[in-house]
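The sequence lines fix the lettering, A, B, ..., with proteins before strands; numbering per chain opens at 1.
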Amino acid sequence: MAKNLLIVESPAKAKTIEGYLGKDFTVKSSYGHIRDLIKSEDAIDIGNNFAQKYEVPADKKQVVSELKKLAKEAEMVWLASDEDREGEAISWHLYDTLDLKESKTKRIVFHEITKPAILRAIDNPRTINYNLVNAQQARRVLDRLVGFELSPVLWKKVKPSLSAGRVQSVAVRLIVEREREINKFKAEASFRIVALFGKGREAFRAELPERFAQQEQAEQFLKDCTEALFSIKSLETRPTKRSPAAPFTTSTLQQEASRKLGFSVSRTMSVAQKLYESGFITYMRTDSVNLSDVALNAAAQEISSAYGSQYYQHRKYKTKSANAQEAHEAIRPTYFNQHTIDGDNAEKRLYDLIWKRAIASQMSEAQFEKTTAKIDVSTRKEDLVAIGEVMKFDGFLKVYLESNDDEDDNAQDGDNAILPPLQVGQQLTLQEMTATERYSRPPARYTEASLVKKLEELGIGRPSTYAPTISTVQNRGYVVKEDREGKQRNYHVLTLKDKAIRQEQKTENTGAERSKLFPTDIGAVVNDFLIQHFEGIVDYHFTAGVEKEFDEIAQGMKEWTEMIRNFYQPFHQNVESTIQTADKARGERELGAHPDNGKKVSVRIGRYGPFVQIGENDDEEKPAYASLRAGQMLETITLEDALELFKLPKKVGVFEDKDMTVAIGKFGPYIRHNNSFYSLGKDIDPMNVTEQQAIVIIEDKRKKDAEKVIKTFAEDPDVKILNGRWGPYIEFGKLNVKIPKEIKDPQVLSYDECKALADAMPKDGKKSPGKTSTKPAAKATKPAAKKTTKKK
DNA sequence: CAGTGAGCGAGCTTCCGCTTGACTT
C-alpha cells in the first residue's frame with residue numbers, strides 16, 4: 001500500500017497526476033463535493049447561528065467509504081482539491097468526513113496539471129484555510145435560504161412546484177425584460193445610399209455616411225446625382241491591425257461553439273467532457289484565460305515550426321470577469337502538436353475550435369492597410385465614402401477568426417473590399433446608385449450562449465452551473481427555446497441608372513428566429529411577482545454585492561454568521577409578510593368587451609396554462625374558455641386574436657360516418673377524424689376548410705402511411721414493419737420498436753422475432769432521476785389500455 | 001394535437017456548486 005493518498009476532485013485529473021508521482025502515491029478522486037446540506041427544511045438551524053446539517057448523499061457513499069479506507073492505511077493524506085471557495089470546502093468536508101488527523105493531513109494546491117507544478121505544490125503544503133471554508137458556507141447557506149424560502153411562496157401564490165433562486169431568477173428576468181424591450185420596439189425606416197462606380201475590375205462601391213429619414217429626401221439626393229460630377233476629394237491610407245482573442249474559458253467556449261458549430265451549451269459541455277476524459281484538452285470548467293508556462297512554450301514551438309517564427313507573439317491575458325476564481329488554466333489542447341484527434345464528428349470539430357483558439361492566442365496580430373476615399377458630389381455638400389482594406393500580414397488569422405453575435409444585416413459594406421488604384425481629383429463614372437429603405441432592429445433575443453455571456457458579465461453563476469441553469473429555467477417552464485417564423489415586410493428601393501430613377505417595392509422576411517430563448521407566461525408572471533415582492537433578490541447586482549461580502553469573509557475580515565444574519569432577518573420578514581398579504585398572481589388582463597354581447601373578455605393563467613375567458617365566473621350562463629396557442633402570450637394577445645380562438649375547433653363535414661373537425665394544436669392546424677390527427681398543409685386556411693379538402697387530406701395521409709409499410713403479419717394486424725424517418729422500425733400495437741443495426745434486411749423478420757424485440761424494450765422511458773415518479777406513474781397505469789404511450 | 005378553469009385537502013415540489021455516469025435520440 002502506498003504511503004501517500006492524494007485526493008483531487010476529478011478522476012481524469014487523478015489519473016494524470018498518478019503518472020507524475022510514482023508508486024509512493026495513490027491518487028484518488030472525490031468526484032466533486034462529497035457532502036451536502038440535508039434535503040429537508042431543517043438543514044439550517046436559524047436560531048443556532050445557522051448551524052448546518054450535512055449528509056453524504058447516496059451516490060457518494062461508495063466514494064467516501066473507499067477514501068476512508070485508503071486514508072486509514074496511508075501515512076499521509078494530501079488534500080488537493082481546487083484552490084477556490086468550493087475546493088477549500090471540499091477539502092474540509094473530506095477532512096471531517098474521513099476522520100483525518102491533523103498530523104497526517106496536508107493541503108496542497110496547484111493551478112495547472114503539470115509535473116513541476118504538482119511537485120512544487122507538494123513541497124509547499126499548508127493547512128485548511130477556514131476563512132475560505134466559511135465563505136463557502138455562507139454562499140451555500142444563503143443559496144439554500146433564498147431558494148427554500150422563496151420557492152414555497154411561489155407554490156402558494158402562483159403554482160406548485162415552481163422555483164426561485166439567486167441565479168435562475170435573474171436569468172429569467174433577463175429574458176422577460178429583453179422580450180418586453182422587443183415588444184416595445186418600434187422599427188424606424190431610413191434610406192441608405194450606395195453608389196457603384198467604374199466597370200469590371202475597376203468597379204467599387206461607396207456609401208453615403210448619412211441616412212435619410214424620408215423617402216423624398218432620398219429621392220431628391222438621387223435626382224441631384226443625375227447630372228452630378230463625381231471626383232475623388234481625398235485619399236487616406238493608414239495601417240490597422242487586429243489581435244487574437246484570449247484562449248477559451250467555459251463561457252467563451254459555449255458562445256463560440258454555439259455560433260460556429262450550432263451546439264447548445266449542454267452539448268458543448270458534454271463533448272468537451274469527452275475530450276477531457278480522453279486526455280485531449282485541459283479542464284473544461286474554468287473561468288481563467290491563463291496558460292501554464294509549459295503550455296506557452298509548447299505553443300511557441302508549434303507556431304514556429306508550423307507557420308514560422310514571424311507568426312509567434314507571446315501574450316498574457318487577463319480575465320475580464322470580476323467574479324473569476326481561476327483555479328484552473330484556460331481551456332487548451334493538452335498537446336499543441338496534435339492538430340487533429342480521433343473521435344466522432346462533434347469531438348473533432350470542438351477540438352479543432354479549441355486548438356485553433358489556443359494557438360491563435362499566441363500568434364502575432366493581423367495587419368491591414370485601410371484606405372478611405374472621400375468622393376465629392378458636385379451638386380451636394382455631402383461626400384460619399386469608399387473604404388477598402390488590404391491584408392498585409394495574416395498573423396493569427398491564418399488559423400482562427402472569432403465570430404460575433406451580431407447578424408450581418410448591414411454586411412457587404414465593403415470592409416474587406418479592395419479599391420482600384422485611385423488619385424485625388426480623379427473623375428469617376430457612376431454606374432448605378434441605390435437608395436434602400438432599411439429598418440432599425442430591436443435588441444436581439446438571447447440564445448443560450450449569449451445568456452451565459454450576460455450572466456458571466458453580471459458575475460452570476462459559475463462555469464460548472466451555466467449549462468444546468470439554462471436547463472433549469474427551461475425545465476421549470478419559465479423559458480422556451482424555439483424557432484419562430486418571421487413576418488413579411490415591404491421596403492422600397494430607388495435606383496438611379498442611366499440618368500433615370502426607378503422605384504420598386506420589395507419584401508423581406510423579418511423577425512425570424514432560430515433557437516432563441518422566449519419567456520413563457522408563467523415565467524413572466526413569476527418574474528413580476530418576484531420583482532414586486534423581492535426586488536432585492538432578483539436585482540442584477542445582488543450577487544455582486546454578496547460576493548463582495550464572501551470575499552471579506554474569505555479574508556477573515558467578516559464573520560460569516562453575522563453576514564447571513566444581517567441578510568436573513570429582513571428577508572425572512574419579507575417572506576412572511578408576502579405570504580400574509582400578497583394576492584395570487586395569475587397575470588390577469590382584461591382585453592375588453594365582446595363586440596356581440598358586451599361580455600368581459602379576459603386572459604389569465606389557469607391550471608392548464610394561459611387561457612381566454614368570455615364572461616364572468618358568477619354569470620348565470622357559464623363562461624366560455626379557450627387556451628392560448630403556441631407563440632401567443634398573455635401580455636401581448638389582442639382582443640381580436642383572443643376571439644379568433646373561439647372559432648375553432650369547427651366541424652367541416654362527415655367522412656365514413658364520422659365527423660371531421662378542424663382545430664389548431666401545438667404543432668399547427670389539423671383535422672381530427674375518428675380519433676386520428678391529420679395536419680393541414682401550410683397553404684390551407686384552417687378557418688375555411690371544405691369537406692372535400694378535408695377528405696383529400698385524410699386519404700392522402702393514409703396513402704402515404706400505406707407506402708411506408710414494409711411488411712404486415714397475419715398473426716396480428718396491429719403489428720407492422722415501417723419505414724421511418726430514421727430507418728425501419730416495428731410498430732407493435734402502441735409501441736414503436738427500433739430495429740437494431742445488425743439486422744440488415746427487416747423484410748425477413750418473423751412475427752415472433754418482432755415480438756421478442758418489442759418485449760426487450762425498456763418499460764418506462766423516463767430519464768429524470770427517480771424523483772418524478774409518484775404522480776405520473778399512478779396516472780399512467782389507469783388509462784394505459786387506450787393510446788397513451790407516445791414517445792416524446 | 002380533445003375537453004378543462006370553483007374549492008377542498010393530502011402530499012409533493014424547491015436552492016447553487018462540485019463531480020460523473022447512465023440513459024435515450
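Taking the six-membered ring where tryptophan is involved, the planes of A/F529 and A/H533 are tilted, since the angle between them lies from 30° to 60°. Between A/H328 and A/Y283, the ring planes lie tilted relative to each other; the angle falls in the 30° to 60° range.
For A/S464, a side-chain nitrogen or oxygen approaches OP1 or OP2 of B/dC18 to under 4.0 Å. Dashed line: the shortest gap from a side-chain N or O of A/R629 to OP1 or OP2 of B/dC1 is not under 4.0 Å. Remark: A/Y678 is not in phosphate contact with B/dC1, judged by side-chain N or O atoms under 4.0 Å from OP1 or OP2. Between A/R85 and B/dG17 there is no side-chain N or O to OP1 or OP2 distance below 4.0 Å. Between A/S29 and B/dT19 there is no side-chain N or O to OP1 or OP2 distance below 4.0 Å. Using a 4.0 Å cut-off, no side-chain N or O of A/R607 falls inside it from OP1 or OP2 of B/dG3. At least one side-chain nitrogen or oxygen of A/R462 sits closer than 4.0 Å to the OP1 or OP2 atom of B/dC18. Residue A/R476 places at least one side-chain N or O closer than 4.0 Å to OP1 or OP2 of B/dC15. Within the 4.0 Å cut-off from OP1 or OP2 of B/dC15, not a single side-chain nitrogen or oxygen of A/R139 is found. An OP1 or OP2 oxygen of B/dG17 is reached within less than 4.0 angstrom by no side-chain nitrogen or oxygen of A/Y466. Within the structure, a side-chain polar atom (N or O) of A/T465 is placed less than 4.0 Å from OP1 or OP2 of B/dG17. When the side-chain nitrogen and oxygen atoms of A/Q136 are compared with OP1 and OP2 of B/dG17, none of them lie within a distance under 4.0 Å. An OP1 or OP2 oxygen of B/dC16 is reached within less than 4.0 angstrom by a side-chain nitrogen or oxygen of A/Q168.
Remark: A/F280 engages no residue in a ring pair (Phe, Tyr, Trp, His ring centres under 6.0 Å) (not counting sequence neighbours).
Residue contacts for A/L162: at a heavy-atom cut-off of 4.0 Å it reaches the sugar-phosphate backbone alone, with no base atom in range.
The closest side-chain donor-acceptor pair between A/S676 and A/N674, if any, does not fall under 3.5 angstrom. In the model, A/S602 has no side-chain atom that pairs as donor or acceptor with a side-chain atom of A/E590 under 3.5 Å.
The distance between the ring centers of A/Y670 and A/Y678 does not fall below 6.0 angstrom.
Per the stacking criterion (ring centres < 5.5 Å, plane angle < 30°), A/W155 stacks onto the base of B/dT13. Here A/Y608 does not count as stacked on B/dG5, because the ring centres are not under 5.5 angstrom apart with planes under 30°. By the stacking rule of 5.5 Å between ring centres and under 30° between planes, A/Y31 does not stack on the base of B/dT19.
Atom NZ in A/K13 sits roughly 12 Å away from atom P in B/dC18 (whole-Å rounding).
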Parsed dot-bracket for DNA chain B after applying the Watson-Crick and G-U rules with both distances under 3.5 Å and | for other-strand partners is .........................
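Although no hydrogens or angles enter the test, the distance criterion places no donor-acceptor pair under 3.5 Å between the side chain of A/S81 and the main chain of A/E88. Using modelled atom types, one side-chain atom of A/D344 and one backbone atom of A/E347 make a donor-acceptor pair closer than 3.5 Å.
Distance from the side chain of A/S151 is smallest to B/dT14 among B/dT13, B/dG5, B/dT14.
Of the residues near DNA chain B, A/R35 and A/R285, the one whose nearest nucleotide (by heavy atom distance) lies more toward the 5' end is A/R35. When each of A/Y283 and A/D143 is assigned the nucleotide of DNA chain B bearing its nearest heavy atom, the one mapping closer to the 5' terminus is A/D143.
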